[in-house]
Q: 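Structure below; questions to follow.
Lettering of chains follows the sequences in order, A, B, ..., and the numbering in each one begins at 1.
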Amino acid sequence: MPPVIRISDIAQYVGQEVTLQGWVYNRTDKGKLVFLLVRDGYGFAQCVAFKGDLPVELFDQVMRLPQESSVIITGSVRADQRAPGIPGGYEVGVKDLQVVQAAAEDYPMALKEHGVDFALDHRHLWIRMPSQWAILRVRTVVIRAIREWLDSHGFTHMDTPILTPAACEGTTTLFETPYFDEGMAYLAQSGQLYNEANIFAFGKVYCFGPTFRAEKSKTRRHLTEFWMVEPEAAFCDLDQLMEIEEQFVTHIVQTALRECQAELKSLGRDTSLLEQVAPPFPRISYDEALKMLEDIRAETEDPEQKELLAIEWGMDFGSPHETALTQRFSKPVFVYGYPTQVKAFYMEPWPGRPEVCKSVDLLAPEGYGEIIGGSERISSYELLLQRLHEHDLPVEAFQWYLDLRKYGSVPHSGFGLGVERTVSWITGIQHIRETIAYPRTIKRVYP
RNA sequence: UCCUCGAUAGCUCAAUUGGCAGAGCGGGCGGCUGUUAACCGCUAGGUUCCAGGUUCGAGUCCUGGUCGAGGAGCCA
């Protein structure tokens, strides 16, 4: 029996007889000729059956194969520019075909556009379609690239708890669940505070897992359950943090470009700007960003847009601001030094400017906006204690966190990168829900 | 929580001023040796989101509700 191959490797088998194990994605019959578009999990390839090449009964069966039937196909590979697929340009001349199961004829996903609600109700089938398959292939490569870079740069992977005692930052709304006799537990919105403990044992660490936010956000950039990687490093200030971030993001983007060419091409992604992603990234201060936004607002004629872009010093950027700002850049851009009042309690103040903190967001270009939020953390025991009081946080719950500033405190910094937002940017898609296999939004927990 | 929009065949949508509920795709049957969302012929397929109301007559107008989408705020 010829070797079972992966469609992603099909170019290596031109002129050879191979076996494909997969599913019929589409069928077009032309009388004495049938085209099957077969997917095997690794790609999509056209298989061509001629009536004269096959037994009469088999050809008749092939001509009637319902969409999504599972099949084992043997035939010879040839290059043909007409052949569609991912990667396209190669096809299999069918010599034998075994039907593992003829699918039921009421498969609901037509090979056409679908409404969002219908598509999401059938997410378990939607992921079979080329666009969704390609996005999720990019996602897995992005996740691998994240781990590769961190693992090879001295970061120790340390899992942090999903069930947590309280808000880490005391701001966002959390999912809660009863926890035996201990009252309520909350689903983690960040592993950062635990990371900060872990660096004093391991130097540089990262956690990587699902993150939960119960906020009633209804936008293309929000999920209630999403994946975030959070690196944290001891003996690291804000400038060193930005160097880490730009190396890290560059590795992720370049790996995806290198390993997902066929997927990105099938998605129609223009990769010219992604190819330019390399250190150094532009760095602008909050004050400079504010000036740019005022200029952009002055040039805007649309009154609605003018209203949305209104801002004054001390306010955090909303998504209209981020979008407008990043449309001016072709590379990811750092915005550092946000007002202390809009950021979390644990951020180190700017030397000589207490109204500003050593925070930095990384905004993806082409209007995609924030993919990373990070900062240098407060290292002084007294200042941290003062901030806990200022934010009305229960000091006793943060006793262990205060200990970190008591026993060998050092300057340290960290950040969180949102996987889904990063994949949205790299794949060029508009809605974050397509970058995760089973999205959880305010209105959806099925399937 | 607020603003805006939407719901008609399995899917995507159309239906003029309130006047017989339609098309394409998908399914079935038939035809075709290079299709790219193939094409051609035939065919089956409807609680027009729900509950009221106006009217000779409502998919269409009015009231209330349900569900969904986009955006704001918040954030990754």
Q: Scan Lys216(A) against the nucleic acid and name what it touches under 4.0 Å (heavy atoms): base, sugar-phosphate only, or nothing.
A: base

Q: Is Arg221(A) near enough to rG70(B) that one of its side-chain N or O atoms lies under 4.0 angstrom from OP1 or OP2?
A: no

Q: Looking at every strand, decide which applies to Pro320(A) at a 4.0 Å heavy-atom threshold: base, sugar-phosphate, or nothing.
A: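 Answer is sugar-phosphate: Pro320(A) comes under 4.0 Å of backbone atoms only.
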
Q: Which listed nucleotide (rC32(B), rC11(B), rU35(B)) is nearest to the side chain of Phe35(A)?
A: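 For the Phe35(A) side chain, the nearest candidate turns out to be rU35(B).
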
Q: Regarding Leu417(A), tell me which of base, sugar-phosphate or nothing describes its non-hydrogen contacts under 4.0 Å with the strands shown.
A: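 The residue Leu417(A) makes no contact with any strand.
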
Q: Would you mind reading off the distance between Phe317(A) atom CZ and rC75(B) atom P, rounded to a whole angstrom?
A: 13 Å

Q: In whole Å, what separates the C1' atom of rA23(B) from that of rU63(B)?
A: 34 Å

Q: Between rU35(B), rA69(B), rG34(B), spot the one nearest the side chain of Glu91(A), thanks.
A: rG34(B)

Q: When you measure from the side chain of Glu105(A), which nucleotide among rC75(B), rG71(B), rG28(B) comes out closest?
A: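 Within the option list, the nearest is rG28(B).
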
Q: Between Met63(A) and Gln430(A), which has a closest nucleotide on RNA chain B that is more 5'?
A: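 By nearest-heavy-atom nucleotide position, the 5'-most residue is Met63(A).
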
Q: If I take atom CZ in residue Phe212(A) and atom C1' in nucleotide rA76(B), what distance separates them, rounded to the nearest angstrom?
A: 14 Å

Q: Would you state whether a donor and an acceptor, one from the side chain of Arg64(A) and one from the base of rC29(B), lie under 3.5 Å apart?
A: no

Q: Can you tell me if CZ on Arg6(A) sees more than 12 non-hydrogen neighbours from other groups inside 6.0 Å?
A: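 Open.
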
Q: Rounded off to whole Å, could you give me the CZ-to-C1' distance for the Phe44(A) and rA37(B) pair?
A: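 It is 14 Å, rounded to the nearest whole Å.
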
Q: Would you mind telling me which of rU35(B), rA76(B), rA69(B) lies closest to the side-chain atoms of Lys443(A)?
A: rA69(B)

Q: Within the supplied structure, the quantity of interest is the number of heavy atoms (other residues, nucleotides, ligands) at a distance under 6.0 Å from Tyr401(A) OH; does it exceed 12?
A: yes

Q: Could you work out the separation of rU17(B) and rU55(B) based on their C1' atoms and round it to a whole Å?
A: 15 Å

Q: Heavy atoms from C-beta onward define the side chain here; which of rC75(B), rA76(B), rG68(B) lies closest to that of Glu322(A)?
A: rC75(B)

Q: Strictly by Watson-Crick or wobble contacts shorter than 3.5 Å, is anything paired with rC61(B), and which nucleotide is it?
A: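 Because both required distances fall under 3.5 Å, rC61(B) counts as paired with rG53(B).
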
Q: Assign Phe50(A) to base, sugar-phosphate, or nothing according to its heavy-atom contacts below 4.0 angstrom with the strands shown.
A: base

Q: Touch check for Gly115(A), heavy atoms < 4.0 angstrom, all strands: base, sugar-phosphate only, or nothing?
A: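 Sugar-phosphate: the residue Gly115(A), judged by heavy atoms under 4.0 Å, touches backbone atoms but no base.
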
Q: For the atom pair CE (Met109(A)) and NE2 (His122(A)), what is the distance rounded to the nearest 0.5 Å?
A: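 Rounded to the nearest 0.5 Å, the CE-NE2 separation comes to 7.5 Å.
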
Q: By nearest atom, which of the nucleotides rU33(B), rU35(B), rA76(B) is closest to the Arg82(A) side chain?
A: rU35(B)

Q: Atom NZ of Lys30(A) and atom P of rG31(B): how far apart are they, to the nearest Å?
A: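 Rounding to the nearest Å, NZ of Lys30(A) and P of rG31(B) are 14 Å apart.
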
Q: Hey, does the side-chain of Lys218(A) have a donor or acceptor N/O within less than 3.5 Å of a partner on the base of rA69(B)?
A: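 By the distance-only test, yes, there is a pair.
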
Q: Quick one: OG1 on Thr271(A) to NZ on Lys265(A), what's the gap to the nearest 0.5 Å?
A: 11.5 Å

Q: Could you give me the CA-CA distance, side-chain angles and deciding distance for Gln341(A) and Asp316(A), then say whether side-chain contact (heavy atoms from CB on, under 4.5 Å) is met?
A: CA-CA 9 Å; Gln341(A) 64 194 57; Asp316(A) 203 358; over 6 Å; no

Q: Would you classify Arg444(A) as touching base, sugar-phosphate or nothing, given that sugar-phosphate means primed atoms plus P, OP1 and OP2, and contacts are heavy atoms under 4.0 Å?
A: nothing

Q: Name the nucleic acid region contacted by Gly318(A), choosing base, sugar-phosphate or nothing; use a 4.0 angstrom heavy-atom cut-off, strictly under.
A: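 Here Gly318(A) touches the backbone only, sparing every base.
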
Q: Where do Glu420(A) and Arg433(A) land on the salt bridge (charged side-chain N to carboxylate O under 4.0 Å, His left out) test, with the steps shown first?
A: CA-CA 8 Å; Glu420(A) 288 79 12; Arg433(A) 65 186 161 219; over 6 Å; no

Q: Hey, does Leu37(A) reach any base, or is it just sugar-phosphate, or nothing, if we go heavy atoms under 4.0 Å?
A: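 No contact at all - Leu37(A) keeps every heavy atom at 4.0 Å or more from the nucleic acid.
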
Q: Quick one: on RNA chain B, does Arg433(A) or Ile371(A) contact a more 5' nucleotide (nearest heavy atom)?
A: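 Result: Arg433(A).
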
Q: What nucleotide among rA76(B), rG34(B), rC32(B) has an atom nearest to a side-chain atom of Asp29(A)?
A: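 Looking only at heavy atoms from C-beta outward on Asp29(A), the closest nucleotide is rC32(B).
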
Q: Would you mind pulling out the nucleotide paired to rA72(B), Watson-Crick or G-U wobble, both distances under 3.5 Å?
A: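 Paired with rU1(B).
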
Q: Could you tell me the separation between the CD1 atom of Ile442(A) and the OG1 atom of Thr219(A), rounded to the nearest 0.5 Å?
A: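 Going from the CD1 atom of Ile442(A) to the OG1 atom of Thr219(A) covers 11.0 Å.
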
Q: Applying the Watson-Crick and G-U wobble criteria at under 3.5 Å, what pairs with rU12(B)? Answer none if nothing qualifies.
A: rA23(B)

Q: Please indicate whether Gln81(A) has more than 12 foreign heavy atoms, meaning atoms of other residues, nucleotides or ligands, lying under 6.0 Å from its CD.
A: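 Not more than 12 within 6.0 Å, no.
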
Q: Please give the distance between the C1' atoms of rA44(B) and rG28(B) as a whole number of Å.
A: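 Between the two C1' atoms, the distance is 7 Å.
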
Q: Report which part of the nucleic acid Gln46(A) touches: base, sugar-phosphate, or nothing (heavy-atom distance under 4.0 Å, all strands).
A: base

Q: Distance check needed: rU8(B) C1' versus Asp117(A) CG, whole Å only.
A: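 My rounded result for the distance is 16 Å.
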
Q: Report yes if a donor N or O on one partner sits less than 3.5 Å from an acceptor N or O on the other, where the partners are the side chain of Ser217(A) and the base of rC74(B); otherwise report no.
A: yes

Q: Quickly work out the His321(A) NE2 to rG71(B) P distance and round it to whole Å.
A: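 It is 16 Å, rounded to the nearest whole Å.
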
Q: Does rU66(B) pair with anything, Watson-Crick or G-U wobble, both distances under 3.5 Å, and if so, with which nucleotide?
A: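 rU66(B) is paired, partner rA7(B).
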
Q: Between rC11(B) and His114(A), counting only base atoms on the nucleotide and side-chain atoms on the residue, is there a donor-acceptor pair under 3.5 Å?
A: no

Q: Counting any heavy atom closer than 4.0 Å, what does His122(A) reach on the DNA or RNA strands: base, sugar-phosphate only, or nothing?
A: nothing

Q: Does the structure show a Watson-Crick or G-U wobble partner for rG30(B), both distances under 3.5 Å? Name it, or say none.
A: rC40(B)

Q: If we ignore angles and hydrogens, is there a donor and acceptor under 3.5 Å between the side chains of Tyr346(A) and Glu196(A)?
A: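 Tyr346(A) vs Glu196(A): no donor-acceptor pair found between side chains.
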
Q: Can you check whether Arg27(A) has a side-chain N or O nearer than 4.0 Å to OP1 or OP2 of rG27(B)?
A: no

Q: How close or far is atom P of rG73(B) from atom CZ of Arg213(A), stated in whole angstroms?
A: 16 Å

Q: Could a donor-acceptor pair under 3.5 angstrom be found where the side chain of Asp316(A) meets the base of rC75(B)?
A: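 Answer no: no donor N or O sits under 3.5 Å from an acceptor.
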
Q: Identify whether a stacking contact exists between Phe226(A) and rA76(B), where the ring centres must be under 5.5 Å apart and the planes under 30° apart.
A: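 Stacking is present between rA76(B) and Phe226(A), given that their ring centres fall under 5.5 Å apart and the planes under 30°.
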
Q: Distance alone, cut at 3.5 Å: any donor-acceptor contact between the side chains of Arg123(A) and Gln132(A)?
A: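 Yes, side-chain donor-acceptor contact under 3.5 Å.
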
Q: Tell me which nucleotide among rA72(B), rG70(B), rG68(B) gets nearest to the side chain of Leu308(A).
A: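 So the nucleotide nearest the side chain must be rA72(B).
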
Q: I want to verify a distance call: between rC75(B), rC74(B), rA72(B), whose nearest atom is closest to the Glu215(A) side chain?
A: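 Between rC75(B), rC74(B), rA72(B), the one nearest the side chain of Glu215(A) would be rC74(B).
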
Q: Would you say rG73(B) has OP1 or OP2 under 4.0 Å from some side-chain N or O of Ser319(A)?
A: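 Answer yes for this pair, as a side-chain N or O of Ser319(A) is under 4.0 Å from OP1 or OP2.
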
Q: Using the P atom as the point on both nucleotides, what is the distance between rA69(B) and rU8(B), in whole Å?
A: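 rU8(B) and rA69(B) have their P atoms separated by 15 Å.
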
Q: Using a 4.0 Å heavy-atom cut-off, does Pro108(A) contact any base of the nucleic acid, only the sugar-phosphate backbone, or nothing at all?
A: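 Touches nothing.
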
Q: Would you mind reading off the distance between Ile442(A) atom CD1 and rC67(B) atom C1', rounded to a whole angstrom?
A: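 Rounded to whole Å, this separation is 14 Å.
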
